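Chain identifiers are assigned alphabetically (A, B, ...) following the order of the sequence lines, protein sequences preceding nucleic acid strands; residue numbering begins at 1 within each chain. All values below come from the heavy atoms of this structure, side chains included, with hydrogens, waters and symmetry mates left out. Predicted model only: the values in this text are computed from it and were never measured.
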There are 2 protein chains.
Amino acid sequence: MAKNTLPATSEHEEKLERLLAVAAEIFAEKGYHHASIRELSRRAGVSLSGLYYYFSSKEELLFMIQERSLRRVLDGLKHKLKRSDEPAGRLRAMIGNHVGFFAQNMAAMKVLTHEFDSLEGKYKARIRDLRLEYSNLCTELLRELRRSTGSDEVLPLNVATSALFGMMNWIYTGYQPGSSIPVDRLSEHLFRLFTGGFSSSAEPAASLERRVG
Amino acid sequence: MAKNTLPATSEHEEKLERLLAVAAEIFAEKGYHHASIRELSRRAGVSLSGLYYYFSSKEELLFMIQERSLRRVLDGLKHKLKRSDEPAGRLRAMIGNHVGFFAQNMAAMKVLTHEFDSLEGKYKARIRDLRLEYSNLCTELLRELRRSTGSDEVLPLNVATSALFGMMNWIYTGYQPGSSIPVDRLSEHLFRLFTGGFSSSAEPAASLERRVG
DNA sequence: CGTTGGTTCGAACGCTCGATCGGCCCAACC
DNA sequence: GGTTGGGCCGATCGAGCGTTCGAACCAACG
């Protein structure tokens with residue numbers, strides 16, 4: 001039970017990380033409930049029971065994948081936000097961070113967006129908190145942007161936030177990395193599409209473009 | 001095997017429809033693979049084996065839910081499109097149709113957007129075709145709108161289509177009908193958000209509003 | 001009344017799953 | 001060189017799953 005908290009050696013951590021990566025692939029491919037620990041065992045070259053040395057249940061495995069992804073996205077965003085005070089630039093950073101992370105960790109991010117409801121109890125609550133923190137941070141960015149453009153739209157901020165996340169997360173349903181638009185362009189497209197609409201006639205996207213390095 | 005094609009009595013069809021509704025609720029609640037036929041049996045008040053008189057497998061059940069929802073959305077849209085020649089009005093009709101149908105059939109629509117990958121083989125192909133038809137129709141509406149506004153954006157239409165569907169589908173992750181904004185307002189918000197961004201500085205959303213009855 | 005055919009059911013089959021348990025291996029340390 | 005303990009495994013358990021099968025029910029019809 002306390003197994004996975006005891007050893008903190010880098011070797012142990014590395015192998016856990018590898019297992020999480022393989023598991024994320026399987027979960028993304030087949031969905032959480034259709035994926036089996038036995039297949040993880042096969043693909044990772046570890047015996048079925050040997051896996052349980054690294055995590056204590058299938059659900060904890062799912063939790064760790066989601067928690068680590070979310071943490072990395074959040075930390076990355078907070079780090080990038082320190083570099084810009086300008087509202088439009090900050091939103092652009094947020095979109096670039098999210099879309100970029102999605103493109104580089106597609107499996108884990110698919111699991112993150114699709115398998116929230118597969119969690120239960122304490123695990124679900126922890127992930128919900130992180131998601132809420134992320135979502136609130138995003139809403140604040142939109143509030144800043146709205147204030148800076150001086151527009152007093154009636155569009156509720158939570159609707160705008162939902163719409164923005166929807167845009168960013170849905171884009172990958174038909175996205176193959178490499179075969180499609182490069183990530184930078186995609187982020188920029190979404191940024192312009194959203195800001196052009198969000199700040200509307202008050203300030204079209206074209207004029208925002210120049211402000212950011 | 002050919003069971004479910006033989007009887008076409010209205011009574012039979014009604015009961016099947018009721019089973020599909022209950023099943024959609026369970027699928028939406030727990031996800032396809034975590035939902036069990038036994039629970040459907042319990043909730044519907046029908047014996048486990050009795051269910052198989054109405055469908056031949058769990059996957060066919062999932063297929064029927066998705067197929068019927070998609071058909072109704074598509075038919076509803078085509079019907080409404082006949083009433084408007086004006087590009088912005090047609091897009092507004094599309095968004096209103098989609099969002100409205102989502103609000104009234106939340107369970108089935110959640111299944112439709114979340115459980116596509118749970119299908120396999122022929123079932124998956126049939127649903128993919130329908131989704132493609134819907135998506136293409138939407139892309140055409142955007143092409144019309146872009147042409148009518150005279151803008152020559154570089155934003156790829158397939159990206160715009162994905163973003164639009166993302167907005168519409170994601171909005172319901174945090175939506176409780178009744179406790180939140182009425183559907184009409186929500187549709188209008190999304191329409192303005194999207195068109196304001198999509199047709200950008202060329203034609204802000206506010207000026208589009210008046211054109212439609 | 002007997003037969004049909006749509007409808008329903010209880011019981012069971014075969015299978016896969018997540019999880020557990022006792023023990024083996026082997027490097028590190030006394 | 002004996003002991004410890006992290007790492008790993010084969011064998012197996014109990015549970016739940018989707019599905020099937022043969023029989024029973026019952027209104028309609030001859």
- Message: Can you list, in residue-number order, the parts of residues 36-46 of chain B that come under 4.0 Å of DNA chain D, counting heavy atoms only?
- Response: B:Ser36, B:Ile37, B:Arg38

- B:Glu140/B:Arg143 ion pair, N-O < 4.0 Å: yes

- Task: Could you tell me whether A:Lys78 and A:Glu133 make a salt bridge, using a distance below 4.0 angstrom between a side-chain N and a carboxylate O?
- Result: yes

- Task: With the side chain of B:Tyr52 defined as its heavy atoms from C-beta on, choose the nearest nucleotide among C:dT7, C:dC9, D:dG18.
- Result: D:dG18

Side-chain donor-acceptor contacts of residues 17-29 of chain B below 3.5 Å, not counting sequence neighbours, with atom names and distances?
unit_1  : atom_1 : unit_2  : atom_2 : d
B:Glu17 : OE1    : B:Arg68 : NH1    : 2.9
B:Arg18 : NH2    : B:Ala44 : O      : 3.1
B:Glu29 : OE2    : B:Arg43 : NH2    : 3.0

- Query: In terms of ring plane angle, is the pair B:Tyr53 and B:His12 parallel, tilted or perpendicular, where the classes change at 30° and 60°?
  - Reply: perpendicular

- Task: Using whole Å, report how far NE2 of B:His33 lies from P of C:dG18.
- Result: 12 Å

- So the ring pair (Phe, Tyr, Trp, His ring centres under 6.0 Å) pairs with at least one residue in residues 59-96 of chain A (sequence neighbours excluded) are A:Phe63-A:Tyr123

- May I ask you to check whether B:Phe194 and B:Phe191 place their ring centres under 6.0 Å from each other? no

- Message: Expressed as a whole number of angstroms, how long is the span from B:Glu59:CD to D:dT19:C1'?
- Response: 14 Å

- Message: Would you say B:His12 places a side-chain N or O within less than 4.0 Å of OP1 or OP2 belonging to C:dT7?
- Response: yes

- Item | Plane angle bin for B:Tyr134 and B:His98 - parallel if under 30°, tilted between 30 and 60°, otherwise perpendicular | parallel

- Note on the structure: Separation between CD (A:Glu60) and OH (A:Tyr52), nearest 0.5 Å, reads 10.5 Å

- Query: For the pair made of CD in B:Glu11 and C1' in C:dT8, what is the distance, rounded to whole Å?
  - Reply: 13 Å

- Task: Round to the nearest Å and state the distance from A:Leu48 atom CG to C:dT20 atom C1'.
- Result: 10 Å

- Compare side-chain N and O positions of B:Lys15 against OP1 and OP2 of C:dT7 and report whether any pair is under 4.0 Å apart. no

- Rounded interatomic separation in angstrom, taking CG from B:Leu51 and C1' from C:dG10: 14 Å

- Query: Atom OH of B:Tyr53 and atom P of D:dT19: how far apart are they, to the nearest Å?
  - Reply: 18 Å

Each nucleotide N or O in nucleotides 21-29 of chain C that has a protein N or O under 3.5 Å away: list the pair and distance.
none

- Message: Between P on C:dC17 and CG on A:Leu61, what's the gap in Å once rounded to a whole number?
- Response: 15 Å

- Task: Using the ring of A:Phe116 (Phe, Tyr or Trp, six-membered ring only), decide whether A:Lys124 places NZ or CZ under 6.0 Å from its centre and within 45 degrees of its axis.
- Result: yes

- Note on the structure: Output for pair (A:Lys110 NZ, A:Glu115 CD), nearest 0.5 Å, gives 11.5 Å

- What nucleotide, of C:dG6, D:dT19, D:dC8, holds the atom closest to the side chain of B:Lys58? D:dT19

- Item | Whole-Å distance separating the OH atom of A:Tyr54 from the P atom of C:dA19 | 18 Å

- For A:Lys30 and C:dC17, is the shortest distance between a side-chain N/O and OP1 or OP2 below 4.0 Å? no

- Residues that A:His189 engages under ring-ring contact (aromatic ring centres under 6.0 Å, His included), provided they are two or more places apart: none

- Message: Below 4.0 angstrom, which residues in residues 16-27 of chain B have at least one non-hydrogen atom near DNA chain D?
- Response: none

- Message: Just verifying a value: how many Å separate A:Ser135 OG and A:Leu130 CG, rounded to the nearest 0.5 Å?
- Response: 12.0 Å

